[in-house]
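This report refers to the structure that appears directly beneath it.
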Protein chains: 2
Amino acid sequence: MPAPRKHKDKDAGARRRLMEATVQIMRDEGYAAATSRRVAALAGVKAALVYYYFDTMDDLFVAVLRAGAESSLSEMRQAITDDDPLRALWLINSDARRAGLNTEFMALANHRKVIGAELKAFAERVRDIETAAATVALRAHGVNLEEFPPVVISMLLAQMARSMCNEVAIGVTDGHQQMRAFVERFLAQYDASVPSGRTR
Amino acid sequence: MPAPRKHKDKDAGARRRLMEATVQIMRDEGYAAATSRRVAALAGVKAALVYYYFDTMDDLFVAVLRAGAESSLSEMRQAITDDDPLRALWLINSDARRAGLNTEFMALANHRKVIGAELKAFAERVRDIETAAATVALRAHGVNLEEFPPVVISMLLAQMARSMCNEVAIGVTDGHQQMRAFVERFLAQYDASVPSGRTR
DNA sequence: GTCTATAGACGGATAGAC
DNA sequence: GTCTATCCGTCTATAGAC
């Protein structure tokens, strides 16, 4: 923990505010709008300060990505221990804010090597955790893991949740209601909080 | 419509080359790299010509999006009549080039209203077609359409194919082999070109 | 149709004062 | 730590010659 705040602590730290401002601008207007000047203005400081805390803009982006990744990962690790781990993961991946940011970083990764490497490492850790959760849930219900590999189930849940968020962002909602109902029916079969058993 | 080509038409038209260059740059380096200067250079003309053919850069992006959309839609309409329509749609959506472009446009849509509206209209037409294909395939095999709504199946197939393309783009391939095998098993049940029922 | 030239805005990044 | 000032580059878009 850095710099124990003495008094009222009104300022919360410029570095932190810069990162938060970056997140907000990326979500609202896309990564291309997250320039040093705009980010600084939103954080209430001058552009030059960005380069005091971060060597380059890329470093700022990486810092933001890392922070979000760590936060997401710890939420997911928590979800594994949930009564209904699969539904917990479905809900986490249904968070529009997270999904929107992720899409921006995917696009950024297209032409910034550093971001791409970081994003890849993060995505792989997420898949590992989600697959672990699926394995636990499926095995507990005696599902044949050859026929329904946990990694497949975790990919379906995570990617569909994110895809729907991305669609909502551009105003597309066709089929979403049906998909949510379908997933609910599926999840209901693997909820540890209700007596087990495959219906049908 | 300008200048109907008479003879051999060796040059293919600057307008067309500009659009092709835009596609290529967007795919390789992201939409932010598709500037009037870079696009013009790749097309072998000067930047000012971009503004002769397109009023603004946004208009160029919209033109590119529309052209790609029409091409995709006609491929999909063809796929409906295929022996194995679901697999055909799976393959179309597994095209990395298409998926990459689509992701760039999604990101672009975040801060360009015009692009967003265009992308939404396109996405809805695609969903309609894909759902029609799924309806045909599922009904032909006597599937209970209440339990497995065609729109759900079409979303699962299309979005998973695209998600995997996006992951491959950043170097993530965990679980892909298992997912492809899983989808293959599923598709094999609904292929009209083999006697119905579960084979293999 | 295609070019040169340029206006005008904004970007990343640095030097150095306080 | 935070600021002012500045360098130098690229961007969109336009004017006007050929």
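Chain identifiers are assigned alphabetically (A, B, ...) following the order of the sequence lines, protein sequences preceding nucleic acid strands; residue numbering begins at 1 within each chain.
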Task: Length of the line joining B:Ile25:CD1 and D:dT10:C1', which is rounded to integer Å - done: 14 Å

TODO: Taking only Lys NZ, Arg NE, NH1 and NH2, and the carboxylate oxygens of Asp or Glu, determine whether B:Glu104 and B:Arg27 approach each other closer than 4.0 Å.
DONE: no

Task: Set of side-chain contact (heavy atoms from CB on, under 4.5 Å) partners for A:Thr56, sequence neighbours left out - done: A:Asp58, A:Asp59

- [ ] Using a cut-off of strictly less than 4.0 Å, decide whether B:Tyr52 has a side-chain nitrogen or oxygen near OP1 or OP2 of C:dG1.
- [x] yes

Task: Atom pair distance, as rounded to whole Å: CD in B:Glu29 and P in D:dT10 - done: 14 Å

- [ ] Could you tell me whether the side chains of B:His176 and B:Glu167 share a donor-acceptor contact shorter than 3.5 Å?
- [x] yes

TODO: Could you tell me the separation between the CZ atom of B:Phe61 and the P atom of D:dC11, rounded to a whole number of Å?
DONE: 12 Å

Open item on the list: From CG of A:Leu18 over to P of C:dG12, roughly how many Å is that when rounded to an integer?
Closed with: 13 Å

Task: Separation of D:dT2 P from A:Leu49 CG (nearest whole Å) - done: 5 Å

Open item on the list: For B:Asp174, give me all partners under salt bridge (charged side-chain N to carboxylate O under 4.0 Å, His left out), at least two apart in sequence or on another chain.
Closed with: none

TODO: Indicate for each nucleotide in nucleotides 12-18 of chain D, in 5' to 3' sequence, whether protein heavy atoms under 4.0 Å reach the base (B), only the sugar-phosphate (S), or nothing (-).
DONE: BBB----

- [ ] Calculate the interatomic distance between B:Phe54 atom CZ and C:dT2 atom C1'; express it in whole Å.
- [x] 15 Å

Open item on the list: I want to check one thing: is the phosphate of C:dT2, taken as OP1 and OP2, less than 4.0 Å away from some side-chain N or O of B:Tyr53?
Closed with: yes

Task: Centroid separation B:Tyr31 to B:His111 less than 6.0 Å - done: yes

TODO: Could you state the atom-to-atom distance from CZ of A:Arg15 to C1' of D:dT2 in whole Å?
DONE: 16 Å

Open item on the list: Check this for me: does any side-chain nitrogen of one of A:Glu29 and B:Arg112 sit under 4.0 Å from a carboxylate oxygen of the other?
Closed with: no

Task: Atom pair distance, as rounded to whole Å: CZ in B:Arg16 and P in C:dT2 - done: 15 Å

